[in-house]
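All remarks here apply to the structure that follows.
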Amino acid sequence: MTDPVNQEPPREIDDPWRVMRAATRARIGLGRSGNGQVTRDVLAFQADHARARDAVHTPLDTEALRLGLRPRQALTVTSAAKDRPGFLGRPDLGRRLGIESRECLERGDWDLVFVLGDGLSAQAVSRHGPSLVASCCDGLPGWRIAPPIIALQCRVALGDDIAACLGARMVAVLIGERPGLTVSDSMGVYLTHAPAPGTPDSKRNCLSNIHDHGLSPAEATVKLLWLINEARRLGLTGVELKERTPQAPSELQREEKGRLAP
Amino acid sequence: MSYAATLSGERYMFRDLKHLMGCASPYRSGDALAGLGARSATERVAARYALADLPLTAFLNEALIPYEVDDVTRLIIDTHDRRAFEPISSMTVGMFRDWLLSHEADTRSLTEIARGVTPEMAAAVSKIMRNQDLIAVSRKIEVITKFRNTIGQRTVLASRLQPNHPTDDLRGVAISTLDGLLYGCGDAVIGINPATDNVETGRALLEMLDTLRQTYSIPTQSCVLTHVTNTIEIINQGGPVDLVFQSIAGTQKANEGFGVTLDILAEAQSAAHGLRRGTLGDNVMYFETGQGAALSSDAHHGIDQQTVEARAYAVARAFDPLLVNTVVGFIGPEYLYDGKQIIRAGLEDHFCAKLLGVPMGCDVCYTNHAEADQDDMDALMLLLGTAGVTFLIGVPGADDIMLNYQSLAFSDILTTRSLLGLKLAPEYGAWLEQMGLYDSASGRVLSRSPGETRLAGLIGWQS
């Protein structure tokens, strides 16, 4: 038997929505049974929900990520949340370093540090993190960039704590976004100038939806480098730093979603 | 001032009003996270006894956040309408619940007291109300607002069409918009959460929606849900802004976390009024709220999440919004753990907002790290439909491919309307019928393939 999850749902050859599905992965043109949905679509939805649920609970493979970041020597830290249930239930713990991790970070003199956090999808940062770090480091000659930090049970604000321990003047947190039904490996990047514990979210800039069907790592690199340079020039990040990367008409970008913070 | 009640032979003490409110609140993960809430089931009910005996005037005498430090408190106190409060001024919280449920409390009398009710009074009474009480009282309240159509009537369930796309691709957004229009969705607003805060992208999306609206003479309004300062900038550039959007919360500090102040909101409202784009009315603001927002920015001042959420409705009310909705399950399981908590919170938010006179809708939704699924959403949408919710949000197939969470499908809104005998906004229904997509006699949205309607021209479809 074939796995129904990996099979394209059978659709009629003359399905008028077929062409449009090339332009969006949204669940458009679903069948109707009365006012409700047809069996095929109901089960496809349930299969995707099951996959997303599983993505939330799969742990980060730190060894593979460490290898992916070479030749840069990454350090691994853990937040004060020790496991997945603790992480999901206590966001405050995910925002600060565990005691042992705090002791292993040495203070230095850094312009910038990259933090790669599992967030709500470890797959996301494993797949898209290393290439973004490499291309950004290449694009910042002369910058003092700290060794990349792999962070477990990590929320965005953990970057503030890490940067404060390292003495870094800016932090870019690359983190797994909450998995959706269509994409379970979407990565976000949160850039914070002068990071310190307690920094409000309005003082960050964000690029989100970095994945194979969203913002590509190459596009994200251009935007992130622009933001990093502007942040240093203006001495700030957040709502006062409006993203204005010059863009070709086909080029797409995204930033804060204007919704309640994760 | 402290409060107390004796239950099962034990004396329970509550050190102040916010402690009492927190303990009386139904259990939810966000209050546990904040270290608030009752330590036992018995203590919770004891708190409700004490709360039920509290005069409503207590909320005018003891501010949960001091007047001096919080502009939302100042707004609540300074705009409290003593005359509207008069009919309920001698009631306790328990008497207030009984009166709200009584047949004497009809649509008119509930409208008359709205400006006399503070968010804290609404939150307090909701804590001693069961889900069916929240529904029964909400259903009696009618908050009507207008821009290019009329929504909020007791027979109407409007909907926001939410055609988000992970790269703000104009064609992708247009296709999802067409999909929603074929289901008769979008009478509340066609509203896009942009993936980027980029001003030019926001303007491009607005211009596309505006062209679409004008081409097909759709009696609705559009909105790009970007930061209010971006919208002001788009207005200054001459962009076609119908509604100004902003996420808001119940404390000054939480609003600062969103990068917004009451002054900025007033400036934006004034700028949007200046455009004079509404044909039937000038409700130009659109707000989103949600329990847990204040705690997530450590701006809750030790107040339980439901009470601090209700305070956001005082902020909303001050700007005569067309639409407000709670994004109830969006914030995640650390604030609302499962379907049971999400359903309860959705009903509380809707009730408190309506009691204050705010046109409340709901994003009936959940995330993939919460213990919830579409069955829970079915329950909440039907309960809110019964409660007279102003609008619900629909996305293609209930799957938001940009924000990565699940809301309702367009078909769910059809189901809710048909089960509960609710209609589209009247102007929108008439337009949809003209387009051959709706039969007002049967109340059915007709099933048409894109090639069978000239709306398909909006994505360059050739039949």
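Heavy-atom pairs under 4.5 Å with chain A were tallied for Ser447(B), Ser176(B), Ser449(B); the largest tally goes to Ser447(B). Among the candidates Leu181(A), Leu88(A), Asp92(A), the residue making the largest number of heavy-atom pairs closer than 4.5 Å to chain B is Leu181(A). Of the residues considered (Ile175(B), Leu419(B), Leu414(B)), Ile175(B) shows the highest number of contacts with chain A, using heavy-atom pairs under 4.5 Å. Put simply, of Ile413(B), Thr367(B), Val260(B), Asp298(B), the one with the most heavy-atom pairs under 4.5 Å next to chain A is Thr367(B). With respect to chain A, the highest number of heavy-atom pairs below 4.5 Å among Gln406(B), Arg171(B), Arg417(B) belongs to Gln406(B). Counting heavy-atom pairs closer than 4.5 Å to chain B, the top-ranked of the candidates His211(A), Gln46(A), His57(A), His49(A) is His49(A).
Of all heavy-atom pairs between Tyr183(B) and Leu30(A), the closest is OH-O, 3.6 Å. Between Asp169(B) and Ala23(A), the shortest heavy-atom distance links the atoms OD2-O, 4.0 Å.
Between Ser202(A) and Phe258(B), every side-chain heavy-atom pair lies at or beyond the 4.5 Å cut-off. Asn404(B) places a side-chain heavy atom less than 4.5 Å from the side chain of Ser186(A). Considering only heavy atoms from C-beta on, Pro166(B) stays 4.5 Å or farther from Val183(A) through its side chain. Lys253(B) is not listed as a side-chain neighbour of Pro200(A), based on a closest heavy-atom distance of 4.5 Å or more. With a 4.5 Å cut-off on side-chain heavy atoms, Thr182(A) and Met402(B) do not count as touching.
Both the backbone and the side chain of Arg90(A) come within contact range of chain B, judged by heavy atoms closer than 4.5 Å. Contacts of Glu256(B) with chain A are made by backbone atoms alone, with heavy-atom separations under 4.5 Å and no side-chain atom involved. For a residue to count as touching a neighbouring chain, one of its non-hydrogen atoms must lie under 4.5 Å from one of that chain's; by this rule Val445(B) touches chain A with backbone and side chain alike. For Leu120(A), the part sitting under 4.5 Å from any heavy atom of chain B is the side chain, from C-beta outward, and nothing else. When heavy atoms are compared at a cutoff of 4.5 Å, Ala370(B) approaches chain A solely by way of its backbone atoms N, CA, C and O. If you measure heavy-atom distances from His165(B) to chain A, the contacts under 4.5 Å come from the side chain alone. Proximity to chain B is absent for every atom of Ser184(A), based on heavy atoms less than 4.5 angstrom apart.
Rounded to the nearest 0.5 angstrom, Asp168(B) CG and Asn209(A) CG are separated by 9.0 Å. Taking CG of Asp399(B) as the start and CG of Asp41(A) as the end, the distance is 11.5 Å to the nearest 0.5 Å. Atoms CG and CZ, on Asp373(B) and Phe45(A) in that order, are 8.5 Å from each other to the nearest 0.5 Å. Remark: His369(B) NE2 to Phe87(A) CZ distance equals 7.5 Å, nearest 0.5 Å. Between the CG atom of Leu403(B) and the CZ atom of Arg178(A) there is a distance of 8.5 Å, given to the nearest 0.5 Å.
A donor-acceptor contact shorter than 3.5 Å links the side chain of Arg53(A) to the backbone of Asn368(B).
Relative to the six-membered ring of Phe410(B), Arg27(A) misses at least one condition, a distance below 6.0 Å or an angle of at most 45° to the axis.
Exactly one of Ile401(B), Asp179(B), Val173(B) qualifies for a side chain to side chain contact (heavy atoms under 4.5 Å, CB included) with Thr24(A). That residue is Ile401(B).
By the neighbour-count criterion of 12 heavy atoms within 6.0 Å, atom CD of Glu240(A) is sparsely surrounded, having that number or fewer from other residues, nucleotides or ligands. For OH of Tyr438(B), the number of neighbouring non-hydrogen atoms (other residues, nucleotides, ligands) closer than 6.0 Å is greater than 12.
For Asp201(A) and Ser297(B), the side-chain atoms include no donor-acceptor pair closer than 3.5 Å. Judged purely by distance below 3.5 Å, without hydrogens or angles, the side chains of Thr415(B) and Asn35(A) never pair a donor atom with an acceptor atom.
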